[in-house]
Amino acid sequence: MAAADDVPLRPVGGIELELRELGAGRPLLFLHPETGLHGHGPVLDLLAGHRRVLVPSHPGFGRSSLPDWVDEVDDVVYAYLDLLDELDLTDVALVGCSLGGWIACELALRSPRIGALALVGSLGIRVGGPEDRDIHDVFASSPAELARLAFHDEAEGARFFDYPSRTDEELAITARDQEAAVLYGWEPYFCDPKLRRRLRRVAAPTLVLWGASDGIASPDYGRALAAAIPGARFELVERAGHFPQLERPDAVATAVLSFLEA
């Protein structure tokens, strides 16, 4: 994956979006999780072997700008609606991971340009009652706790959350990513309480992939998400936690591409 300084900024609706383009073929829009794009090179390369993969950094993440009027997921969704319109893309395969999955759900509700939807450990809905915690509080967790809960392989998680090992440039991006994650995910906590009821309007064929060892949002949360989307298929990814696209990029890419071809 290209270094951040090599990625062009594209003006979209008053936002400067950092936008990577990989591969060739039918379009696939990849929406990253709340941890940003760190570590996603392998899965993106696998997808780009079969598709034209568009990879924006959400506003406030990476090098994308964050105007003062952008402060909730809806603002991100409408930026991507503008992007799809400007690029005049149709029959787009939309892949969203965690926070990116929430954004993808909202986007699929609003755009007829989405031809298929793949949600990987997607957040965005409320399953329990107002006092129940469906999603672990990542903002109150240490890197060691996140390594244990978000990864099947705790050692791999420890390497991912080993911030001191990152370069100064990577740390600056990490800090921006964390601030933006709080902006979009703090209140209500990584969800729109109304979204679950609205998902019955998703018309695109949908695949929900979930890490079998996810300690951030359990597989039962994923099953509830799939049940809310007409005809959605739910699949577990074994030996993976909340970020199966990082731990099992081959399994995730194979599942997504097989789904899209079918």
Side-chain angles (χ1 to χ4, degrees), residues 1-4 6-8 10 17-58 61-62 64 76 80 83-84 87-105 107-108 111 113-123 150-152 156 160 177 202 204-211 214 222 226 229 232-262:
M1 193 166 65
D6 297 331
V7 180
R10 182 184 181 95
L17 280 182
E18 181 179 51
L19 181 63
R20 294 167 170 82
E21 286 203 43
L22 309 167
R26 297 167 66 186
L28 185 153
L29 179 64
F30 185 94
L31 303 182
H32 65 72
E34 61 279 6
T35 51
L37 280 166
H38 184 80
H40 281 78
V43 72
L44 293 175
D45 287 342
L46 288 167
L47 294 172
H50 301 265
R51 293 267 173 156
R52 174 192 177 193
V53 181
L54 304 167
V55 191
S57 293
H58 310 321
F61 285 82
S64 292
V76 182
Y80 291 149
L83 177 65
L84 294 177
L87 296 175
D88 194 23
L89 298 178
T90 57
D91 195 24
V92 177
L94 180 58
V95 179
C97 307
S98 197
L99 170 64
W102 175 13
I103 297 167
C105 286
L107 191 56
S111 178
R113 296 181 181 273
I114 305 305
L117 178 63
L119 303 171
V120 185
S122 173
L123 306 180
F151 282 75
H152 172 79
E156 185 173 349
F160 181 83
D177 293 349
V202 173
T206 301
L207 172 67
V208 178
L209 291 177
W210 220 266
D214 193 341
I229 301 173
R233 183 168 64 186
F234 178 83
E235 292 183 14
L236 281 177
V237 181
E238 300 296 338
R239 303 188 309 281
H242 187 61
F243 303 115
Q245 75 277 11
L246 300 180
E247 286 192 275
R248 300 286 312 282
D250 53 345
V252 169
T254 297
V256 169
L257 292 168
S258 296
F259 171 72
L260 295 180
E261 291 305 315

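- To the nearest 0.5 angstrom, T206 atom OG1 is 11.0 Å from R233 atom CZ.
- A salt bridge between E247 and R239 is absent, with no side-chain N of the basic residue lying under 4.0 Å from a carboxylate O of the acidic one.
- Between F160 and F151, the ring planes are tilted. Angles from 30° to 60° get that label.
- Looking at L22 and F30, their side chains never come closer than 4.5 Å, going by heavy atoms from C-beta outward.
- For the atom pair CZ of F259 and CG of L117, the computed distance is 7.5 Å after rounding to the nearest 0.5 Å.
- The minimum heavy-atom distance linking P244 with V120 is given by the pair CG-CG1, 3.5 Å.
- Here the closest heavy-atom approach between residue Q245 and residue P33 is recorded as NE2-CG, 3.9 Å.
- Put simply, the side chain of L257 does not reach to within 4.5 Å of the side chain of L46, judged on heavy atoms.
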Given side-chain contact (heavy atoms from CB on, under 4.5 Å), test L119 with C105 step by step and report yes or no. CA-CA 8 Å; L119 303 171; C105 286; 3.6 Å; yes
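- The line from CD of E156 to CZ of F243 is 12.0 Å long, rounded to the nearest 0.5 Å.
- In this structure, the side chains of S57 and R20 come closer than 4.5 Å at one or more pairs of heavy atoms.
- The side-chain heavy atoms of V92 and L54, taken from C-beta on, include no pair separated by under 4.5 Å.
- Taking the ring-ring contact (aromatic ring centres under 6.0 Å, His included) definition, one finds that F61 meets it with H32, H58, sequence neighbours left out.
- Put simply, the side chain of T90 never gets that close to the backbone of D88: no donor and acceptor are under 3.5 Å apart.
- When all heavy atoms of L246 and G39 are compared, the pair lying nearest together is CD2-O, 3.3 Å.
- Here the straight-line distance linking atom CG of L29 with atom CZ of R51 works out to 12.5 Å at 0.5 Å rounding.
- Looking at every heavy atom in both residues, L260 comes nearest to A116 through CD2-CB, 3.6 Å.
- Using modelled atom types, one side-chain atom of H40 and one backbone atom of H38 make a donor-acceptor pair closer than 3.5 Å.
- A donor-acceptor distance shorter than 3.5 angstrom exists from the side chain of D177 to the backbone of G62, with no hydrogens or angles considered.
- Looking at S111, its side chain never comes within 3.5 Å of a backbone N or O of L107 through a donor-acceptor pair.
- Across every non-hydrogen atom of E18 and S64, the tightest pair is N-OG, 2.9 Å.
- The two residues A118 and V256 make their nearest non-hydrogen contact at CB-CG2, 4.2 Å.
- Of the possible donor and acceptor atoms, none in the side chain of R10 sits under 3.5 Å from a partner among the backbone N and O of L17.
- The side-chain heavy atoms of L209 and R248, taken from C-beta on, include no pair separated by under 4.5 Å.
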